[in-house]
Amino acid sequence: MFYGGDYNPEQWPEEVWKEDVALMRRAGVNLVTVGVFSWARLEPSPGVYDFTWLDTVMDLLHEGGVQVDLATPTASPPPWFSLLHPDALPVTVEGTRLTHGSRDTYCVSAPPYRQASMSIARALAERYHAHPALAMWHVHNEYGTRCHCDHVAAAFRQWLETRYGALEALNEAWTTAFWSQGYSAWEQVTPPRATQYLPNPSQALDFRRFLSDELLGHFTAQRDLLKSFTPHLPVTTNFVFGDWVPVNHHRWAREVDVVAIDHYPSGPGTTAVEEGAFAADLARSWAGGRPWLLMEQAAGVVYTGARMAAKREGETIRHSMQHVARGAEGVLFFQWRASRGGAEQWHAGMVPHAGPSSRLFGEICELGALLSDTEADTEADGEVAAEVALLWDAEAWWALGSPGLPSLELDYLDALRQAHRVLYHHGHTADFAAPSADLSRYRAVLVPSLYLLSDADAANLARYVEAGGTLVVSFFSGVADEHARVRLGGYPGALRDVLGVRVEELRPLDAPVSLTHGLTGTLWSEVVHLEGATAVAAYPDGAPAITRRRGAFYLSTRLDDAGYAWVLRQAGLAMPDSPVELVRRGDTVFAINHTDLPHTVAGPGGGPLRLEPGQVRLYPAQTSR
Ligand code: GLA
């Protein structure tokens, strides 16, 4: 069980380093990520390296029993690099070339940046491949930067040629007949750039797919280089999650030895807990049975956008244990010591500005002890039990973000979060599965607003239902193909047969409507014809709103959480209210009481087990279920 955080000793004088290691020992820290942003310190001028400080840090950490996840610093090239290679600075969609002064100012397709990245990675590998503190490589930081310059245009064209072969196929896939956009030579094709009115959605989608592959190429080049020095050591990179991130993490997960996620909830309290469970389930699903880590989180604080909100007593511990319950092999923070200056001087640290004599550092030590006890409990080291899957597809998410859709209020993430949240509050741990995955092990599969769906994936869902599976599909799923072109003949296109419905019209709502069975629909409605399905609930005019054909349910409107839970009950899932987070990992149940009230759960032997407000307990599973 790894425990630690990003350690940035370059921000501090050497005297502090010894104290750092002593405090790490006190807290039970055993892994730190070093050097993520230290390129300027490591290579103060082109080709001139200074490793003396890092030698000292690596040795000190090793003496203190702390292992190192050594980072390549390529997410923040030094100012000399930008001045030497202005063509490697990123260009925005509007055509503005950015400059240094923050981080992530590089173009991943620019040859000088690629070369410089490889050189600094090689220099680090040559220097530290045999250092006893080295336990893992951490390439880059939070891949997700984009650029629209000419280097990118050239790489994008190459990617498109590989994908489509002939220009005619691209014209067809992008429907360039619309608005006279037909391309007659590859040179005419560009990345999306500022233009007069609505851009082409298929071009935007392919650009995101391209960026994901292009960034991946930067990662795998460094990974392979590092592996050539240390074939036995894992290589990872920290995944960041957000609609601005053009990275298909599900695909990337195959390329890392250890999936690592950063997780910063958007709100305190229940929101943080729901989002934590969501992020952890997603990471575990990406990892697909392999180890994964919570690589970054904030100690003691939630950033809400407008302001930071203090985590309540014990919350830092509970949020961490949530991830462990859901399969994490370790929890780390950004960062070890809160910075004194710089852009993130107000970002939390495990050692806060107040220093180690603080409630927060006390909790950090308590968490370290709890994690080492959890590690000792070998029963807790197994698979996480999940009976339900949510379909997850980054490309469908990206496509649903296009302008020009029937409603700008469609929100893939919101739809997924709702489905996950409802399961969470009714005692279900969920996996996320790709639409092409083997779904046979799941009791039910939920499909929230999966706009894009290929024929092959639609056939996969039909097979699942055929074999007796329960499928719950929400509105505006399956309506477009993989090029974001509408499927004709009626919605929901690829899923019409399996659902037994044909939707003739889409009618986004501006006010809630009352459905039968006391349900309320918001956001969206449709004119649904039954073609083999029966109605489960109806609109005020008696037209079908929710339908069922064998195990396949269709929701043509957005229900509130209680309504969604009602549908899942109709679909045969047990949906007990579950005020305590209960997750089974291996032969252990993790029970986490995030609330201010005591709760009683079925403990070992089935007998009652009381959880005090805020309490975390682990107990053997065999006897509790
Ligand atoms: C990300 C980055 C860190 C830091 C934190 C702050 O996760 O990887 O370097 O900026 O955000 O929230």
Side-chain angles (χ1 to χ4, degrees), residues 4-12 31-42 69-78 100-106 108 136-146 215 218-219 222 236-247 249 252 256 258-268 271-272 275-276 278-280 282-283 292-311 315-316 319-320 323 328 330-353 360:
D6 275 33
Y7 179 41
N8 300 307
E10 68 274 19
Q11 297 175 12
W12 300 97
L31 182 73
V32 289
T33 303
V34 178
V36 180
F37 295 113
S38 57
W39 195 342
R41 181 84 184 254
L42 289 169
D69 168 31
L70 188 57
T72 64
T74 52
S76 201
H100 59 265
S102 180
R103 65 178 180 190
D104 288 308
T105 26
Y106 52 81
V108 83
M136 197 186 304
W137 290 105
H138 183 297
V139 172
H140 203 80
N141 188 63
E142 295 192 336
Y143 275 100
T145 314
R146 65 186 64 207
L215 292 165
H218 182 262
F219 168 78
Q222 286 194 41
T236 190
T237 183
N238 50 339
F239 291 174
V240 58
F241 185 74
D243 56 7
W244 55 275
V245 181
V247 165
H249 293 117
W252 276 54
V256 297
V258 182
V259 165
I261 60 156
D262 296 351
H263 180 61
Y264 296 93
S266 65
T271 303
E275 289 183 3
F278 183 94
L282 202 45
W292 67 274
L293 296 172
L294 173 59
M295 187 59 96
E296 284 186 29
Q297 58 171 331
V301 165
V302 171
Y303 294 89
T304 66
R307 65 191 67 83
M308 58 189 200
K311 287 188 186 176
E315 250 179 340
T316 297
H319 290 177
S320 300
H323 287 78
V331 291
L332 295 91
F333 292 83
F334 177 86
Q335 57 181 330
W336 165 249
R337 196 182 269 277
S339 304
R340 190 168 190 190
E344 292 190 330
Q345 65 193 134
W346 296 108
H347 195 284
M350 298 165 82
V351 182
H353 288 146
L360 180 60

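As the structure is a computational prediction, the values presented were derived from the model and not from experiment. In listed order, ligands and their atoms are each counted from 1. This chain uses plain numbering: 1 for the first residue, then up along the sequence.
A distance of 6.0 Å or more separates the ring centres of His263 and His319.
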Check ligand 1 against the protein and report each N/O to N/O distance under 3.5 Å, formatted as atom name, atom name, distance.
residue  : atom   : partner : partner atom : Å
ligand 1 : 7 (O)  : Glu142  : OE2          : 2.5
ligand 1 : 7 (O)  : Asp262  : OD2          : 3.4
ligand 1 : 7 (O)  : Tyr264  : OH           : 3.4
ligand 1 : 7 (O)  : Glu296  : OE1          : 2.2
ligand 1 : 8 (O)  : Asn141  : OD1          : 3.2
ligand 1 : 8 (O)  : Asn141  : ND2          : 2.9
ligand 1 : 8 (O)  : Glu142  : OE1          : 3.4
ligand 1 : 8 (O)  : Glu142  : OE2          : 3.3
ligand 1 : 8 (O)  : Glu296  : OE1          : 3.1
ligand 1 : 8 (O)  : Glu296  : OE2          : 2.7
ligand 1 : 9 (O)  : Arg103  : NH1          : 2.9
ligand 1 : 10 (O) : Arg103  : NH1          : 3.0
ligand 1 : 10 (O) : Arg103  : NH2          : 3.1
ligand 1 : 10 (O) : Glu344  : OE1          : 2.7
ligand 1 : 10 (O) : Glu344  : OE2          : 2.7
ligand 1 : 12 (O) : His347  : NE2          : 2.9

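Using bins of under 30°, 30° to 60° and over 60° for the plane-to-plane angle, the ring pair Trp252/His249 lands in the perpendicular bin.
Each of Asn141, Val240, Val36 was compared with Glu296 under the side-chain contact (heavy atoms from CB on, under 4.5 Å) criterion, and only Asn141 meets it. None of Thr33, Asn8, Asp6 except one satisfies the side-chain hydrogen bond (donor to acceptor under 3.5 Å, both in side chains) rule with Gln335; the exception is Asn8.
In this structure, the side chain of Thr236 does not engage the main chain of Val256 through any donor-acceptor pair within 3.5 Å.
Residues meeting the ring pair (Phe, Tyr, Trp, His ring centres under 6.0 Å) test with His347, sequence neighbours left out: Tyr264, Tyr303, Phe334.
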